[in-house]
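Below is one structure, written out as structure tokens, with a few remarks after it.
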Protein chains: 2
Amino acid sequence: MNPTIKDVAKHANVSIATVSRIVNGLPGYSEETKKKVQQSIEALGYQPNAIARGLINKRTQTIGVLFPDVSGMLSSEVLEGVENAAHDGGFSVIVCNTTSSGKRTVKYLRLLQEKRVDGIIFASEDVKEEYYKIFQEMKVPVVLVSTASAKYDLPFVRVNDFDGAFQATEYLIHKGHKVIGMIGGSEEDPIAGVPRMQGFQKALESNGLTYTKYHITKNEGYRFQNGKESLPQLLKELPNMTALFAASDEMAIGAMSAAHQLGIRVPEELSIIGYDNLKIAEMCYPPLTTVSQPLKDMGQTSCEMLVSMIKGEKQEAKSRYMPFTIVERQSVSDLHDK
Amino acid sequence: MNPTIKDVAKHANVSIATVSRIVNGLPGYSEETKKKVQQSIEALGYQPNAIARGLINKRTQTIGVLFPDVSGMLSSEVLEGVENAAHDGGFSVIVCNTTSSGKRTVKYLRLLQEKRVDGIIFASEDVKEEYYKIFQEMKVPVVLVSTASAKYDLPFVRVNDFDGAFQATEYLIHKGHKVIGMIGGSEEDPIAGVPRMQGFQKALESNGLTYTKYHITKNEGYRFQNGKESLPQLLKELPNMTALFAASDEMAIGAMSAAHQLGIRVPEELSIIGYDNLKIAEMCYPPLTTVSQPLKDMGQTSCEMLVSMIKGEKQEAKSRYMPFTIVERQSVSDLHDK
DNA sequence: GAGAATTACGTAAACGTTTACGTAGAACGC
DNA sequence: GCGTTCTACGTAAACGTTTACGTAATTCTC
């Protein structure tokens, strides 16, 4: 098997305690023995065993990350940030794909509990009571990213969706649009669904434009297909609509795709603004104007928060709203120009 | 702290050995004590400590996955498959983002070694000697996904890129195209770069079409931007080109984007076929015809192979070429129809 | 130059499991 | 009824570390 600290000790003719001290940079040995031991380590190719270490330190230097959809573009950008910060902080990350079904989440949480992860990042999903109980049992820090919890006091990192939607809508209004529709998410979704619809509604109303429930189509998810199917619906309700706000980039691009098929030119006949700023937003044609969530940053800061909580620096890290921006590309036209 | 096996033993008035046997389903106790112990486990909320278990079993039930670009769409789809299979096999996955630079790869490999992962999945990157040495030191199974190694005998899971490129090109030829360009990857890349160019060349030549080095633009990467910049170049060399094969979907979509800007209609004036079949392939407009790599499947089977190697079922799992297919969408026109 | 403080180690317990081995009692064979 | 084989446990070592504590030798203090 791999050489252990004992082998090194024997080889260098010292005790294991001394080797341990040298490996961990603790004081208590001469320069001479240090060299001797380091040579033995080299010679044997010794690598400390993190498992044994974890057992005694009660620290695994590992965090768990739960995503409802690992392969989703949103998740993967957040993951990149998380992984980055974790690595910088000396942690590894175990990814768990909860597949947006509850049963698997609990299984994963139990697994992470058994593996004694030092902390958890929980993404894009609502925190159910069941989950929260396990969090408490585990007694490890948890931070929510791209979600939040009304019921439980857990630190989160996200953008203010109400404001984001509000400003996206006002952006369209300022471009001279008067009849604006929205492709929305789910009314059941208190995180990304409802606030974006409310922001949209508020923007219309505070700018003196009419708002009815027919201005929004509701969807189960936030996928391409949802957007594609929503456009015709919306068009039926609002035939003279000149612009629309989609609650996700995927839906926005779905709508663009539907528009192409219907022979509606974007942005000449229909302006579209999205939400997320995924990588695809600049790849589609026309490039999508959208509300940019700093996804990677969000992953990164959430992980930094978690790490500092683990290290005990901040017992109660406080939640953060991340800044969003509207990135202007070419899917929105300015009616004033005509 | 969390209750340990000792606490359970005390609570149930048995020895820790008995508790261990019951927890692990080994024989050697009466139904009566089993019940008693299970009740104690319930009462205390005992969860076995996987770290302690790992220490003694020399099995962590964890695998490491190395990607050069975690947030890339290709990686994330593969990751989903890997995660899935790992979970089914009772393993957790630690993700590592090697960021396509070598230095970090070695650091990660060392880390995985310290954490005593049971196996490694290595994706989309060339296996350098340095890495291979560590693989050997670690003495754990490794499987390559979406890559392969000429020098080292490591099992891989991938598609045959030469064939894929060949068929993609023939697809265009069968649609009546005579002047076909390619947006290629890197000549330095023996995995995804060279074989795809060779497949392209071979297809042209065996169908009696002219091939020159000007038929291919070479690129450092496989990204959107590479494709976008390549189209004008290619058009300069081949002004009467009617179709092109891009070595990745991102590049294909980059080319589509450039075409839009240049006022070239796809597919009427220019047909484009991609490679990968990422999710964006069906989201762009027009939807991209492309050669489909079963990304998720590849992740899944590579992980299944790894797990069975870990379990010792197959000492030497053999490499697998996965089937690709050409999925026809709307970015290629049939010249015979005119 | 004697006592105190410091340095440079070594010893052994602890972390939470698994498991080889031992053993007392029960069941069995005849 | 006596030896044998099971059954149902318990004991203790082992996995590879960290670390509190002990101790001998060295250095310092005056």
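A note on names: the letters A, B, ... follow the listed sequences, proteins ahead of strands, and every chain is numbered from 1. From a predicted model like this one, the values you see are computed outputs, not experimental measurements.
Across all strands, B/Ile51 comes closer than 4.0 Å to no nucleic acid atom at all (heavy-atom distances). Residue B/Pro48 is classed as a sugar-phosphate contact, given heavy-atom separations below 4.0 Å to backbone atoms only. Using a 4.0 Å heavy-atom cutoff across all strands shown, B/Gln47 reaches sugar-phosphate atoms only and no base atom. When heavy atoms are screened at a 4.0 angstrom cut-off, A/Ser20 is found touching base atoms of the nucleic acid.
The separation between B/Arg21 atom CZ and D/dA8 atom C1' is 8 Å, rounded to whole Å. For the pair A/Ile56 CD1 and C/dC15 P, the computed distance is 8 Å after rounding to whole Å. Atom CG in B/Asn49 sits about 9 Å away from atom C1' in C/dC15, given to the nearest Å. To the nearest angstrom, P of D/dA14 lies 15 Å from CD1 of B/Ile16. Rounded to an integer number of Å, the gap from CD1 of B/Ile22 to P of C/dT17 is 14 Å. Rounded to whole angstrom, the span from the CZ atom of B/Arg53 across to the P atom of C/dC15 amounts to 19 Å. Taking atom NZ of B/Lys10 as the reference point, atom C1' of D/dT11 lies 16 Å away to the nearest angstrom. Separating the CG atom of A/Asn24 from the C1' atom of D/dT18 is a distance of 8 Å, rounded to the nearest angstrom.
Comparing B/Glu31 and B/Arg116 against DNA chain D, the residue whose closest nucleotide sits nearer the 5' end is B/Glu31.
Picking from C/dT11, C/dT19, D/dG16 the nucleotide with the shortest atom distance to the side chain of B/Leu26 gives C/dT19. Taking only side-chain atoms of B/Thr18, from C-beta outward, the nucleotide of D/dG10, C/dG16, D/dT18 with the closest atom is D/dG10. Side chain of A/Tyr29, nearest nucleotide from C/dT17, C/dC9, D/dG16: C/dC9. Side-chain atoms of B/Val14 lie closest to D/dG10 of the nucleotides D/dT17, D/dG10, C/dC9.
Taken to the nearest 0.5 Å, the OG atom of A/Ser76 stands 11.0 Å off from the CD atom of B/Glu80.
Distances shown here put every side-chain N or O of B/Lys6 at or beyond 4.0 Å from the OP1 or OP2 atom of C/dT17. Phosphate proximity of D/dG10 to B/Ser15: present, with a side-chain N or O under 4.0 Å from OP1 or OP2. Phosphate proximity of C/dG16 to A/Lys58: present, with a side-chain N or O under 4.0 Å from OP1 or OP2. For B/Thr33 and D/dA8, the shortest distance from a side-chain N or O to OP1 or OP2 is not below 4.0 Å. For D/dC9, one of the phosphate oxygens OP1 or OP2 lies less than 4.0 angstrom from a side-chain nitrogen or oxygen of B/Ser30.
Comment: B/Lys139 does not engage B/Asp118 in a salt bridge, judged by the lack of any side-chain N to carboxylate O separation of less than 4.0 angstrom.
Side-chain polar atoms of B/Tyr222 and B/Asp189 form a donor-acceptor pair below 3.5 angstrom. A/Lys115 and B/Ser92 share a donor-acceptor pair across their side chains, judged by distance under 3.5 Å alone.
Between B/Phe156 and B/Tyr321, the two ring planes are perpendicular [angle over 60°; tilted spans 30° to 60°].
Ring centroid separation for the pair A/Tyr46 and A/His11 does not come in under the 6.0 Å cut-off.
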